[in-house]
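So that the names make sense, note that chain A is the first sequence line, chain B the second, and so on, each numbered from 1.
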Number of protein chains: 2
Amino acid sequence: MTTLEACRDVDQHEPLAPLRHLFDLPEGVIYLDGNSLGPLPKATAARVADVVQREWGQGLIRSWNDAGWIDLPQRLGDQFAPWIGAKPGEVVFTDTTSVNLYKVLSAAIRLSQQEFSDPAPRTKVISERSNFPTDLYIAESLCKQHNLELVLIEPEELPACLTTDVAVLLLSHVNYRTGHMHDMTQVTRDAHAQGVLTVWDLAHAAGAVPVDLNAANADYAVGCSYKYLNGGPGAPAFVWVHARHTDKFWQPLSGWFGHAEQFAFNSDYQPAPGIRRYMCGTQPMIALSALQCGLDIFSEAEKYGGMTALRRKSIALTDLFIELVETRCAGYGLGLATPRDIFARGSQVCLTRDDGAGVDGQGSGAYAIVQALIARGVIGDFRKGDGGKGPHKDILRFGFTPLYTRFEDVWNAVEHLRQVLESGEWQKPEFNRINAVT
Amino acid sequence: MTTLEACRDVDQHEPLAPLRHLFDLPEGVIYLDGNSLGPLPKATAARVADVVQREWGQGLIRSWNDAGWIDLPQRLGDQFAPWIGAKPGEVVFTDTTSVNLYKVLSAAIRLSQQEFSDPAPRTKVISERSNFPTDLYIAESLCKQHNLELVLIEPEELPACLTTDVAVLLLSHVNYRTGHMHDMTQVTRDAHAQGVLTVWDLAHAAGAVPVDLNAANADYAVGCSYKYLNGGPGAPAFVWVHARHTDKFWQPLSGWFGHAEQFAFNSDYQPAPGIRRYMCGTQPMIALSALQCGLDIFSEAEKYGGMTALRRKSIALTDLFIELVETRCAGYGLGLATPRDIFARGSQVCLTRDDGAGVDGQGSGAYAIVQALIARGVIGDFRKGDGGKGPHKDILRFGFTPLYTRFEDVWNAVEHLRQVLESGEWQKPEFNRINAVT
């Protein structure tokens, strides 16, 4: 694919091409930020209108039973379960990734203390320094609560850092900053060999790369549905617990939706069997209904080869982007933060930039280049580095979603990037107002 | 109002009459369950369509800034704050009531341990035995975590149960089962006199009765927005903390939306000043936008007399219902669980039923009578009692919402109730399949 025409030709014939038509994509936009907020499925507007007007408006309270609201979080969990190697009854969509992480990390810490801390106590929770901040904040909170130490490492320190004083290893399967992907099976095996439990954040993995939680023998997982699952802004997250652990503990957010007999209105808490105990308060029906349309696209994708086809195209898209950036944007100080090794790469490509004076951080220009691209309709995003204080450079981040991203989009995105760099337009003052959201 | 005609005449002229037209109410339904799930505001469908199609679909990730998503939880909090006696910056709509209760009860327990447990430790959390179960489950979880005792009382045991070994008093302002309303100012004063902190659940109070958290000098509050605030099924709840306490602690669900510099992506948690630290994960924009339409109706209600007018009509509606039930449904074993004292009554009326043999619990017929009414389009709900094991009888519950409930509806609801009882139609087998949701 060395020309735009060649890219367009591939787009015409590649097997996943029909799926792009399931999305409402705005004109004039090349959207490479589906790893931050996935685009709108075409089915969603009508589904949301129906849940609002018919189910809520006409059905009112009766819809909890008549429209099946009451078990929608579990039904969505069962629908999506195969995409993360989970079984029916093991997944539920509820609350946010942060709240779900609090639940599973609490459970993991208690399990470790109860079953794996003898003879010596396990006093550490380990995570990556560049893990997504909210994961670190939740871990920090639970470490304070349980009087544990939160130890932050670089990925190269695995598996050496897994020692017998570690309770839990908390990792993102795919790193939000770099797109680096862990080998979940190997890491889990290394962890278990030392009696360490694993908690996986699948925010940048679920729906983007092959995940098989049961095959990897993982312990706990959470994930986000507003990125690659296209569930809508702030859509309910998911939570998975290995069947061997699920019924061992209450999780601390023991609300009535996790009660064994929710409508008995007992004054004492009896957790429901299975993953339902990982729900807490009343579930959000409009948001869950919107999410369902995102998940339905994955069911549709099964017809076109499922995750095998998605992964093949994802690698082709990211390979092409890397190749085109390196050939067509050479000489502008761009570097590659994402692994070239396809077995260690998620579905995103992250670039760094050196301004020529060797300065990174504020001087990288990465933020302004991203803003200049957005002004041209090429939407990626910027992730701040550590300003030269550590190893983490400023990042220009581009997500590639095989459900709707075309090879033509990759070509055009790189051409815009080339023009932005060549023209120096990124240096305009308007591209330096900071505001961004994952 | 001793005739249907008299009721209709009042409906024509009462000051809040125009507000009913702001709701999409289904034909043939008398909806007396807005205390479980409020009905659909007419503006909501279009607002939700706009957030889905334009803000999400066209704006994509840019809408976090361009559509003002990023601070919507706080803006809604500021909009609603006056209705609960809160100041701008003190309220945020986020997560569920259960999750928010976990946050504030954690903070209250820590505050009590740090500032009020000297010289003697405070070892108890007190709540009502008939408080809404999810509140008790969350309290049970936190008491286990902090090694405290959860003591459940009947409301008559206040204030005697407030002793110097009590850390926190957790109450619903209006009881979900009975409609009994506490005097928040007096109870808070009694609690503070013993060094006890107060946590108020406003689920059945906010938007339904006058609430003035600052005037009452309360400490913490949470509440629900899918009941009297008409925010939609599972809409985001709210949380309030008195300004003197807000900045003292992290709450344990320390997610990135509560961070002082959310987009600095620092690896350590620094809580935002003020109520923003009570947010956790990514906020749900579709649900929050739907909720806004419910809150807008309260802004509109200000023009018609605000809470003073709402409360006056609420009392008139509940008074009329009680009077008509007692005069027109006499002799069928109905009793009144809701206080006659208007200063101790929320915006609902709860009836009990004795089947004549003195048996309550399974034999009360309350469930079947509610089902028979629903079949006639009169929607109230049933709340299970303790089956004769304690003082809590089965409840037929009817909510009256002055925003849209007419005096004519009250009359007709009682007439249906009379017919259901007189005909014995509630004894049909189809009215005994148990399924219900608050």
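- Side-chain contact of Tyr269(A) with Ser141(B): a donor-acceptor pair under 3.5 Å is absent, judged by distance alone.
- Leu136(B) CG to Ser267(A) OG: the interatomic distance, rounded to the nearest 0.5 Å, is 6.0 Å.
- In terms of heavy-atom pairs under 4.5 angstrom with chain B, the leader among Ile379(A), Leu25(A), Asp24(A) is Ile379(A).
- Once rounded to the nearest 0.5 Å, the distance linking CZ of Arg54(B) with CG of Leu40(A) reads 13.0 Å.
- Your options are Gln58(B), Glu140(B), Glu27(B), and the one with the most heavy-atom pairs under 4.5 Å with chain A is Glu140(B).
- Using a 4.5 Å cut-off between heavy atoms, Val29(B) contacts chain A through its side chain alone, with no backbone atom that close.
- When heavy atoms are compared at a cutoff of 4.5 Å, Thr97(B) does not approach chain A at all.
- The backbone N or O of Gly255(A) lies less than 3.5 Å from no partner atom in the side chain of Ser98(B), so there is not a single donor-acceptor pair.
- Looking at Asp50(B), neither its backbone nor its side chain comes within 4.5 Å of chain A, counting heavy atoms on both sides.
- Between chain B and the options Ser254(A), Gly281(A), Gly234(A), the largest number of non-hydrogen pairs under 4.5 Å is found for Ser254(A).
- Contacts of Asp268(B) with chain A are made by both backbone and side-chain atoms, with heavy-atom separations under 4.5 Å.
- Contact tally against chain B (heavy-atom pairs below 4.5 Å) for Cys224(A), Ala287(A), Gly258(A), Gly57(A): the top residue is Gly57(A).
- Of the atoms belonging to Arg62(B), it is side-chain heavy atoms, and not backbone ones, that fall under 4.5 Å from chain A.
- For Gln283(B), the part sitting under 4.5 Å from any heavy atom of chain A is the backbone (N, CA, C, O) and nothing else.
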Item to complete: Decide ring-ring contact (aromatic ring centres under 6.0 Å, His included) for Phe382(B) and Phe263(A); before the verdict, give the C-alpha distance in whole Å, the side-chain angles of both, and the deciding distance to 0.1 Å.
Response: CA-CA 10 Å; Phe382(B) 165 78; Phe263(A) 297 108; over 10 Å; no
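- If you measure heavy-atom distances from Asp95(B) to chain A, the contacts under 4.5 Å come from the side chain alone.
- With respect to chain A, the highest number of heavy-atom pairs below 4.5 Å among Pro41(B), Pro284(B), Ala237(B) belongs to Pro284(B).
- Atom CZ of Phe265(B) is separated from atom OG1 of Thr134(A) by 10.5 Å, given to the nearest 0.5 angstrom.
- A ring pair (Phe, Tyr, Trp, His ring centres under 6.0 Å) check over residues 24-56 of chain B, counting only residues at least two apart or in different chains, returns nothing.
- For a residue to count as touching a neighbouring chain, one of its non-hydrogen atoms must lie under 4.5 Å from one of that chain's; by this rule Val48(B) touches chain A with the side chain only.
- Taking Leu60(B), Ile286(B), Val52(B) one by one and counting their heavy-atom pairs under 4.5 Å with chain A, the maximum is reached by Leu60(B).
- Heavy-atom distances place both the backbone and the side chain of Asn266(B) under 4.5 Å from chain A.
- The distance between the ring centers of Phe257(B) and Tyr137(A) does not fall below 6.0 angstrom.
- To the nearest 0.5 Å, atoms CD1 (Ile61(A)) and CG (Leu32(B)) are separated by 13.0 Å.
- With sequence neighbours excluded, the residues forming a salt bridge (Lys or Arg N to Asp or Glu O under 4.0 Å) with Glu55(A) are Arg47(A), listed by chain and number.
- Between Tyr102(A) and Tyr102(B), the gap from one ring centroid to the other is short of 6.0 Å.
- By number of non-hydrogen pairs under 4.5 angstrom with chain A, the leading residue of Ile138(B), Leu142(B), Asn131(B), Val51(B) is Ile138(B).
- Contacts of Leu150(B) with chain A are absent, with no heavy-atom separation under 4.5 Å from either backbone or side chain.
- In this structure, chain A has a heavy atom under 4.5 Å from the backbone of Ala264(B), while its side chain stays farther away.
- For the options Arg177(A), His259(A), Gln53(A), heavy-atom pairs under 4.5 Å to chain B are most numerous at His259(A).
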Practice prompt. Assess whether side chain to side chain contact (heavy atoms under 4.5 Å, CB included) is satisfied between Trp256(B) and Thr96(A), documenting all intermediate values.
Written response: CA-CA 11 Å; Trp256(B) 71 316; Thr96(A) 63; over 6 Å; no
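- The part of Leu152(A) that comes within reach of chain B is its side chain, from C-beta onward, which places non-hydrogen atoms under 4.5 angstrom from that chain.
- Ranked by heavy-atom pairs under 4.5 Å with chain A, the list Gln145(B), Gln270(B), Gln251(B), Arg129(B) is led by Gln145(B).
- Note on Ser127(A), Ser130(A), Ala45(A), Gly34(A): by heavy-atom pairs under 4.5 Å with chain B, the leading option is Ala45(A).
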